[in-house]
Amino acid sequence: MNTGRACRKAWHHGEVRVRTITSIAAVAGAAAIGYASVIERNWFALREETVPVLQPDAEPLRVLHISDMHLTPGRHRLMAFVRSLAALDPDLVINTGDSIASPDSIGPLLDCLGPLLDKPGAFVYGSNDLFSPKPKNPARYLWRTSAGEHEQYEPDLPWEKLGGELTAAGWLDLNNHRGRLTAGGLDIALAGVHDPHADRDRYDAIAGPADPAADLRLGVLHSPEPAVMDLFAADGYDLLLAGHTHGGQLRVPGYGALTTNCGIDRARVSGLSMHPEVSPSGGHTAWLYVSAGLGTSPWAPARFACRPEATLLTLVPRWA
Ligand SMILES: [Fe+2]
């Protein structure tokens with residue numbers, strides 16, 4: 001074989017190999033996007049956790065934690081899942097915000113919450129309850145958070161109507177407010193802030209020691225910003241509930257979330273942990289649950305290795 005023909009043959013084989021690899025990568029990429037946007041985004045999970053946070057002789061308290069629905073009226077599978085949660089018959093429901101993504105979502109939201117609205121409940125807003133979703137490059141979360149992105153425009157979603165409807169149903173509005181309710185026979189002192197991610201938190205409005213006479217002290221916020229959670233913990237709150245992170249939304253198997261889109265570390269992007277992680281000398285440490293949430297922005301409709309979730313937290317007496 002002459003040298004020229006051998007070179008052309010080797011070059012041809014190399015080109016075929018590159019084309020084959022490119023084709024396989026394109027098919028795998030399309031399959032991953034299809035899986036993430038069609039299957040996993042609608043593969044809802046009920047996560048269950050036990051939190052030893054009550055006084056020694058207390059009966060267990062079952063708390064349903066929902067977050068980040070980003071509801072649009074066409075998300076029928078999401079609404080069906082939320083509707084199914086009423087069968088859990090929880091003692092208390094906490095919604096940590098980003099409930100709507102359209103001005104037409106309040107009716108569908110109330111409809112799918114259904115009997116859950118008859119339970120004792122409380123809520124805070126997330127920034128996405130105020131501002132319509134906008135198309136953005138989702139990869140930007142790798143080098144920055146979305147904090148401050150809403151400073152340029154006024155709220156355009158009906159957040160007041162949303163809050164008014166939930167309050168009319170009997171849920172506590174904890175946006176820079178304290179509250180008190182009885183659930184499962186327990187006297188619960190609550191406090192919450194509006195979304196720190198949108199710079200609407202005003203901890204001064206709720207600051208001060210949580211009532212030590214209550215059976216449980218519960219802090220609620222949308223974005224789990226460590227500096228704000230430090231304040232809740234220092235005031236003696238036993239359990240903090242937050243959302244916002246979507247658990248990272250697109251996780252790398254074996255590595256986890258690429259970003260939290262806020263100040264909390266990747267290891268605590270979702271699930272149960274403590275805050276602060278290391279107890280300050282003589283200071284109080286709170287339990288923290290960060291929900292991976294139920295939805296996504298309509299402009300980033302995909303989840304990978306990070307199923308959408310609601311959580312049933314069973315609060316039990318502290319371990320000795
Ligand atoms: Fe969200």
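Everything numeric in this text was worked out from a predicted model, so none of it was measured. Both ligands and their constituent atoms are indexed starting at 1 by order of listing.
The aromatic rings of Y289 and H65 sit perpendicular to each other, their planes meeting at more than 60°, with 30° as the lower class boundary.
Looking at residues two or more places apart in sequence or on another chain, you find a side-chain hydrogen bond (donor to acceptor under 3.5 Å, both in side chains) between N95 and S99. Judged as a side-chain hydrogen bond (donor to acceptor under 3.5 Å, both in side chains), and not counting sequence neighbours, the contacts of S67 are T96. With sequence neighbours excluded, no residue satisfies side-chain hydrogen bond (donor to acceptor under 3.5 Å, both in side chains) with D104.
Checking D173 against T167 by side-chain atom types alone, no donor-acceptor pair falls below 3.5 Å.
Listed by chain and number, the protein N, O or S atoms at a distance under 2.8 Å from the Fe ion (ligand 1) are D68 OD1, H70 NE2, D98 OD2, H246 NE2.
Aromatic rings of Y125 and W159 (six-membered ring for Trp) have centroids within the 6.0 Å cut-off, being under it.
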